[in-house]
Engineer: 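Below is the structure I would like to discuss, written out as C-alpha cells.
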Amino acid sequence: MDLFFEQLINGVALGSLYALFGLGFGIVFATLGILNAAQGTYASWAAIVALAAAEHYKLPFIPALLTGVVAAGVIALLVDQVAFQPLRRRGKDMLGALITSIACWIILDSLAGTATGHNSLSFPRGTYPSTMYHLGTIPLPVMQIITIAAMVAVTVGLHVLIRHTRFGAAMRAVGWDQTAASLGGVNPRYVVIITAFIAGSTSGLAGVLGGITTHNVSFMLGEGLMLKGFAAVVVGGYDDVRGTALAGVALGVLEVMTSQYLSSGLRDGITYALLLGFLLLRPRGLFGSLTYSRA
Amino acid sequence: MQGLWDFWAAYRSTLAFAIVNSFLALSTYAVLSAGILSFATVTYAAFGGFLGARMVLATGIDPMLTLPAAALAGAVLSYLVALIFLRLESHWMALASLALILITRVIVINIPVVTGGVNGMSVPLPVSLELLAVLIALAALVFWRLSVSWYGIAAQSVREDTAVASSLGIAPRKIQTIAFVISGAVGGLGGMLLAGALQFISPDTYFVNIAFTMIAGVVLGGSYHWTGVIIGAAVFTALPVIAQAIIPEFQDVANGIVLLLIMIFLPRGLVDPRAIRLRNKFQLPVAQAIKDTSSTKLDI
Amino acid sequence: MGTSVRLGPWVFATLAAFAFQTTPALAQGLTPGEYKIGFITENTGPIAQAGQSFWAGAQLAVEDIKSSKYIGASSIVLDPKESGSDAARSIQAMNQFIADRSVIATACCILSPVAGSLKPVVLAAKVPLVIYGATAAGLPQPPWIYSMTILPGPKDTATALLVSDAIKPKTAAYILAADNDAFKGRMAPTQKALEAKGIATAGVVSVLTKDTDFTAAATQAMGLKPDVVLVYATQQAAAGAISALRDRGFTKTIIGNDVLGPEAIYKKMGATVVGIPFPVGFSDTIGVSAEGKSFVNAYKAKFKVSPDSYSAQGYQMVWFVAQGLKSISGTPTRESLSAALAKLEKFDHNVYGGEFMKEGQAQTTGTIVVNWSADGKLVPWTAPK
Amino acid sequence: MSETGLPQSLLEISAVGKNFGGVAAVSELSMVVQTGSVAGLMGPNGAGKTTLVNLISGLLPSDSGTIRLADVEIQRSPSHVIAELGIARTYQNVRLFSGMTVLEQVMAGCYVRRGTSLWASFLGLPKARAARKAVESHALELLDRVQLANRAHLLAETLSYGEQRRVEIARALGTSPRLLLLDEPTAGMNAQESNEIGKLVHSLRDGGLTVLIVEHNVQLVKDFCDHVTVMNFGRFLADGTPAECIAHPDVQAAYFGKTTDAERIRTLR
C-alpha cells in the first residue's frame with residue numbers, strides 16, 4: 001500500500017505545479033479576457049533566469065527563486081503592454097489577442113531555446129534544498145513539500161486578494177467590462193498592469209519549481225505546463241482560484257494513478273477527455289459561477 | 001532562363017505547401033465566416049489524411065479517389081462535431097476544439113493499425129503542383145459562389161449579430177452546421193493533400209502547430225473575405241523561407257515579430273472588404289452626389 | 001606592339017595544341033573544384049543539441065580533407081539549410097538543394113519520420129543522400145540513400161549482456177519512451193536476450209518523450225523491486241528518469257544507452273549519472289585509433305569541447321562522400337557519385353576503427369561499454385565489487 | 001371574426017411573466033393587438049416594454065403565460081421560427097450588420113422570403129438567379145418607401161442616425177411580416193422626422209400590416225396610434241384610445257409622480 005501513498009504524494013506535488021501555472025493562466029483569462037498562448041514561456045523564462053541567478057551569481061535558493069518569479073512577472077508585463085494593449089484600445093476582441101499571444105509565444109520560445117543552447121539544463125546540486133524526509137517508509141523530498149506549500153499559499157493569497165480586497169473588486173470589475181469599470185473610478189490600465197504581473201509571476205513560480213523538481217530547464221518546460229494548466233483552468237472554472245487549484249491537483253493525481261495502474265499511453269488522453277467533457281457538459285467548470293448576459 | 005528555372009524548381013515545394021496551408025486556412029475560415037472560432041480543422045485534417053493514406057495502402061485503389069473520400073470523411077466528422085459543439089458559447093467552442101486536437105493526437109498514437117501509431121506511415125499519394133493548382137482554383141470557385149449566394153448573406157448576418165439574424169428568420173444553428181460541414185470537407189481534403197505533400201505522416205504532423213499556423217494565416221490575410229485567407233496562408237508559409245534566407249539563426253523570432261506587427265497595425269488583415277467599401281464611399285461620381293442632395297424632399 | 005598582332009594567330013595555335021596535349025594527363029584524376037554537399041541541419045528544435053554535434057563534426061571533416069589534400073586540389077563545401085527537425089521544412093530544403101545544380105550530394109535527418117518523408121523526394125530526384133542520425137531500419141537504399149548512423153541496437157544488447165554477466169541480477173525493469181519507435185525497436189531484442197539468460201522482466205514502465213516529470217515513473221519502477229533498471233528513452237527523458245531514480249534512493253545498477261554520451265549530459269546530471277554503464281560507438285578517450293586521436297584533438301581545438309559519437313558520425317559522413325569523389329575521374333555527377341558510393345566497402349579514413357559498409361548501412365564491430373567517472377571523464381565500465 | 005376573414009385580434013398575450021434573478025421585468029401581463037391596427041405600448045423607463053417586445057419576438061423565453069399569433073402559440077418557439085410566422089422587429093438602439101451595404105441589410109431581411117433553396121442559389125441555377133433579381137428589386141422598392149433608394153450601395157454604418165433607423169425598418173419589412181414591432185422608432189429624432197415615421201407607419205397599415213409601437217413620444221402616439229396599452233413596473237396599468245390613456249390619472253401618476261408626492265416635496269422646502 002506504501003506504493004499507493006507514495007504515488008498519491010507524487011500526484012499532489014505534480015498537480016500543485018499544474019495548479020500554480022493554471023492560477024496565472026486563469027487570472028489572465030478571467031480578468032483580461034485573453035487566452036494567452038505565451039503563458040507557457042513565462043514559466044520557461046522564470047526557470048532560466050532563476051538558474052542563471054543560482055549558477056552565475058551564486059544566489060542562494062530563495063533569492064534565486066524570487067529573481068526568476070519577478071523576471072516572469074516583468075516579461076508578462078512587457079507582453080501585455082506590447083502585444084495586448086494596442087488591441088485593447090480597439091475594444092475587447094479575443095481572437096486578435098490570441099494571435100498576438102501566439103506571436104509572443106513563438107518569439108519567447110525560440111529566444112528561450114537560444115538562451116539554453118537548445119539543451120535541457122538543470123539546477124546544480126547545491127543550489128536547492130534536497131534533504132529527503134521520511135513519512136514512515138515513504139520518501140518525501142523537501143522540494144515536493146515546498147511545491148505543495150507554495151501552491152496552497154498562492155491559492156489562499158489570490159483568493160483573499162480577489163474576493164476580499166478593493167483591488168480584487170477592481171480586477172473583477174475590469175474582467176466584466178473595462179469601460180464600465182473605468183466609469184466606476186477604477187483605473188483599468190493600472191489594474192491590467194498589476195494583474196498581468198501577478199499572473200506572470202504565479203506561472204513563473206510554477207516554472208522555477210518545475211524546473212528544479214524535473215531537472216529540465218528548457219523551452220519544453222513551459223509547453224508541458226501550458227497544456228495541463230489550461231486543462232486545470234477549464235475543469236476548475238476560470239473565475240474561481242480555488243477551483244483551478246483543486247482541479248490542478250486532481251489532474252496531477254489522476255495522471256500519476258493512470259500511468260501506475262492503467263497505461264501511460266492513455267494518461268494524456270484521459271486528462272484531455274476530462275477537459276472536453278467539462279467543456280461540453282459544464283463549461284463554467286466545477287466552481288465557476290454562471291454568467292448572466294442580457295440579450 | 002536557367003536561373004529562373006532553378007529558382008522555380010527550388011521554391012516549388014514552398015508553393016505546394018502554401019496551397020496546402022490555404023486549404024486548411026479556408027477550412028478555418030469556413031466556420032469563422034459564420035461567427036465560430038474553432039481549431040477543429042486539425043482533427044478533420046488528421047482524419048482525412050490518415051484515412052485516405054490507409055485506404056490507398058489497404059485497398060490499393062487509385063490515390064486520386066482518396067481526395068473526395070477524405071473530403072467526405074471530414075464533412076461527416078465535422079457534422080458530428082457540430083451536433084455536439086454548437087451548443088457551446090463562442091469562447092468555450094474555441095477551448096473545446098483545442099481539447100479536441102489534443103485528444104486527436106492521443107487517438108492517432110493508440111490506433112497503430114490505421115495510423116501506423118507512433119512510427120507514422122508513408123503516403124503513396126503523389127501530389128503534383130498542377131493537381132494542387134486545379135484543386136485550389138476549384139476551392140476558390142466554391143468559396144466565391146458561397147459568398148455571393150444566399151448562404152453568404154445569411155452567414156455574414158449570423159457572424160455580425162446572431163440575435164438579429166435569428167429575428168430575421170435566419171436559423172443560426174442551421175447556417176453554422178452548414179459552415180461546419182464545409183469546413184470539414186475542405187479540412188479533410190487539406191489533410192489528405194498535406195499527407196501527399198509530406199509523403200510521410202506521424203502523430204505530430206496534425207497537432208497544435210498547424211492549428212496556430214492556420215489561425216494566424218486567416219487573421220493575417222483578413223478573416224472577412226476568402227481571398228484574404230488564401231493570401232494570408234501563402235504569406236505565412238513563405239515567412240519562414242524568406243526569414244531563413246535573411247537571418248537563419250533568428251528566423252523563428254523574425255516570424256513571431258512579423259506576425260505581431262501585422263496583428264497590431266493591420267487588425268482586420270491584409271484584405272478587408274469593409275475598408276475597401278469605406279474608401280469607395282468617398283469616390284461617389286460628382287453627378288450622383290449632386291442628385292442625392294437635391295432630391296431629399298420627401299414624397300409619401 | 002605591332003609584332004604581337006602578326007604573331008597572334010600562330011602563337012595561339014601552338015598554345016592551344018600544348019594545352020590540349022597536357023589535359024589528358026590530368027584526365028584520370030578528379031577534376032579540381034569545390035564540390036557542394038547540401039546539409040539539412042537541425043540546430044534548433046527539440047533535438048538541437050545533438051544536431052549541433054553532427055554539424056560540428058561535418059565542418060571539421062571538410063577542413064581535414066582540404067588540409068590533408070585527400071582529394072587533391074579539390075575541396076568539399078557544406079551548404080547548410082535549417083529544418084528544426086520539421087518534415088515540411090526539410091522537404092522544402094531538400095527541393096532547394098535538388099534545384100541547385102552545384103549540389104552533388106545531400107545529407108540529413110536525425111528523426112526517422114523526417115528521413116521517411118525525404119526518401120521518395122530523393123529517389124525521384126536522383127541525388128545521393130547520406131543519413132547521419134536517423135536509426136530506423138530500412139532507410140538505406142543504394143545507390144541513392146546511405147546511412148552513416150552507428151546502429152545502436154546491437155550495442156545495447158551487448159552492453160546489457162556484459163553488465164548482467166557481471167552483476168547476475170534475477171529481475172530487470174525497463175523504462176521505455178512509449179512514443180518513440182526507435183527505442184521500442186531497440187528494447188525488444190535486449191529484453192529477449194536477458195530473458196533467455198533467465199533474467200525475468202519485472203515490468204516495463206512507459207514514459208513519454210515530451211514528459212517533464214519522472215518522479216511517478218521512478219516510483220513505479222522501484223515499486224517493481226528490480227535488481228537492475230534499463231532505460232530506453234530519448235536524451236531528456238532518460239536523464240529525467242535516471243535523476244528521479246537516484247533522487248528517490250534507487251542505488252542498484254541502472255543501464256543507459258548512447259544518449260548519455262555527450263559531455264552536456266554529465267554537466268547537467270552530475271553525480272546521478274556517475275557509474276551508469278552505457279555503450280558508445282565512439283569514445284574520445286577509450287580504445288581510440290590513431291585517426292581517432294587526431295580527430296579528437298582537432299575537434300577540441302576548434303570547438304573547445306570533446307567530441308561525442310554524434311560528432312564522429314557527422315565527421316565520417318563527409319569523409320564517406322570524399323572517398324566516393326576520390327574514386328571518380330573527370331567531373332563527378334550525381335549519378336557517377338552514387339555509383340561510386342555504392343562500390344565502397346572499406347573506409348580509407350575511419351575514426352571508429354573497424355567500420356565497414358554493408359548494403360548502404362555503416363556497421364561497426366565491437367562495443368565499448370563506458371560510464372562517466374566522478375571527475376567527468378568517460379572511463380571503461382568495471383563491475384562494482 | 002371581422003369581415004376580412006382575418007381573426008379579429010392578431011396577437012393575444014395572456015398572463016405573460018419574465019424575471020431576471022429576483023426582478024420581475026414583466027408579470028401577469030395580458031393585452032391584445034387588433035389585426036390591421038397601429039397599437040401603442042407606453043410606460044415610463046424600466047416599465048418592461050422592451051422586455052415584452054423581446055418576449056414576443058422570441059429573443060428571450062418567457063417564464064409564464066402564453067403568446068398567440070393568429071391562434072398559434074409562439075411563446076416557446078425560437079425567434080427564427082417566430083420571424084417566419086410573420087413577426088418582424090426593430091431594436092431600441094439600432095443593430096445593423098457592420099460591413100454590409102444598405103441593400104445587403106435589406107437582402108438579409110428578405111432571406112426568409114428568398115424563394116429558392118440555398119443549394120440552387122449556390123449553384124446559380126437560372127431559376128435561382130431570376131428569384132434573386134426579383135428579391136433585389138423588391139428590396140430596392142422597400143428602400144424607396146423609406147426614401148433611401150439612393151443610399152443602396154453605401155455601408156449602412158456610414159449613414160446618419162435617422163437614416164439607419166429607416167434602414168432597420170426596411171430590413172424588417174423584407175421578411176414580409178404580418179406584425180411589425182417597432183421599439184422606440186423615433187428615439188433621438190426631431191418632430192419633422194418623427195412625423196415622417198408616423199406617416200410611414202400609416203402607409204404600411206393601409207397596406208394591411210399590423211404594427212405595435214413601443215414609444216415615449218406622446219405626440220406620435222396621439223397622432224398615429226389607434227389603440228394604446230400602458231405598462232408600469234412590468235404590470236398592466238391602463239389601455240384605450242391615446243386620448244383616454246393620456247388623461248388617465250394612474251398614467252399621469254406613473255409618468256409625473258403622484259400629486260401627494262408633489263405636495264410633500266413643496267413642504268420639505
Side-chain angles (χ1 to χ4, degrees), chain A residues 2-4 6-11 13-14 17-18 43 109-110 113-114 116-126 130 132 134 138-141 143-144 210-211 213-225 227-228 252-253 255-261 263-268, chain C residues 42-53 84-85 175-179 203-225 234-244 246-250 262-265 267-273 305:
Chain A
D2 280 357
L3 184 60
F4 175 76
E6 238 179 287
Q7 291 290 43
L8 185 63
I9 293 164
N10 292 339
L14 179 63
L17 283 181
Y18 296 155
D109 225 26
S110 56
T114 340
T116 57
H118 290 294
N119 43 34
S120 140
L121 314 172
S122 66
F123 280 78
R125 273 265 159 264
S130 51
M132 178 72 88
H134 283 280
I138 300 166
L140 189 56
M143 275 316 290
Q144 284 192 336
T213 50
T214 62
H215 304 288
N216 167 23
V217 176
S218 71
F219 63 93
M220 306 291 281
L221 172 66
E223 270 163 35
L225 284 174
L227 295 177
K228 301 295 168 59
V253 171
E255 207 173 281
V256 167
M257 291 308 167
T258 321
S259 47
Q260 167 74 38
Y261 297 106
S263 88
S264 72
L266 292 176
R267 186 191 64 194
D268 284 349
Chain C
E42 302 191 22
N43 295 341
T44 61
I47 39 169
Q49 201 256 327
Q52 284 161 8
S53 300
S85 312
I175 293 185
L176 167 70
D179 62 349
V204 177
V205 174
S206 304
V207 289
L208 299 177
T209 49
K210 285 198 168 53
D211 277 356
T212 49
D213 176 83
F214 296 91
T215 330
T219 317
Q220 190 176 343
M222 287 159 74
L224 301 167
K225 302 276 184 290
T234 50
Q235 191 170 68
Q236 198 172 300
I242 293 169
S243 312
R246 289 298 188 226
D247 283 357
R248 293 194 72 78
F250 182 78
E263 198 172 335
I265 282 292
K267 205 144 63 55
K268 171 182 157 64
M269 296 174 66
T272 55
V273 80
V305 77

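The sequence lines fix the lettering, A, B, ..., with proteins before strands; numbering per chain opens at 1.
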Engineer: Nearest 0.5 angstrom please: A:Met143 CE to C:Asp247 CG, how far?
Structural biologist: 11.0 Å
Engineer: State the CZ-CG distance between C:Phe214 and A:Asn10, to the nearest 0.5 angstrom.
Structural biologist: 13.5 Å
Engineer: Please round to the nearest 0.5 Å and tell me the distance separating atom CD1 of A:Ile9 and atom OG1 of C:Thr219.
Structural biologist: 10.0 Å
Engineer: Is A:Leu121 in contact with chain C via its backbone, its side chain, both, or neither, using a 4.5 Å heavy-atom distance?
Structural biologist: backbone
Engineer: Considering residues at least two apart in sequence or located in another chain, which fulfil the side-chain hydrogen bond (donor to acceptor under 3.5 Å, both in side chains) criterion with C:Asn43?
Structural biologist: none
Engineer: At a heavy-atom separation under 4.5 Å, does A:Glu255 approach chain C through its side chain, its backbone, both, or neither?
Structural biologist: neither
Engineer: Looking at C:Gln220, C:Arg248, C:Met222, which hits side-chain contact (heavy atoms from CB on, under 4.5 Å) with A:Glu6?
Structural biologist: C:Arg248
Engineer: So which part of C:Gln235 gets closer than 4.5 Å to some heavy atom of chain A, the side chain, the backbone, both or neither?
Structural biologist: neither
Engineer: Checking C:Thr215 now: which residues fulfil side-chain hydrogen bond (donor to acceptor under 3.5 Å, both in side chains) with it, not counting sequence neighbours?
Structural biologist: C:Asp213
Engineer: Measure distances from A:Pro139 to the heavy atoms of chain C and classify the residue's part below 4.5 Å as side chain, backbone, both or neither.
Structural biologist: both
Engineer: For the CD atom of C:Gln236 and the OG atom of A:Ser122, what is their distance to the nearest 0.5 Å?
Structural biologist: 10.5 Å
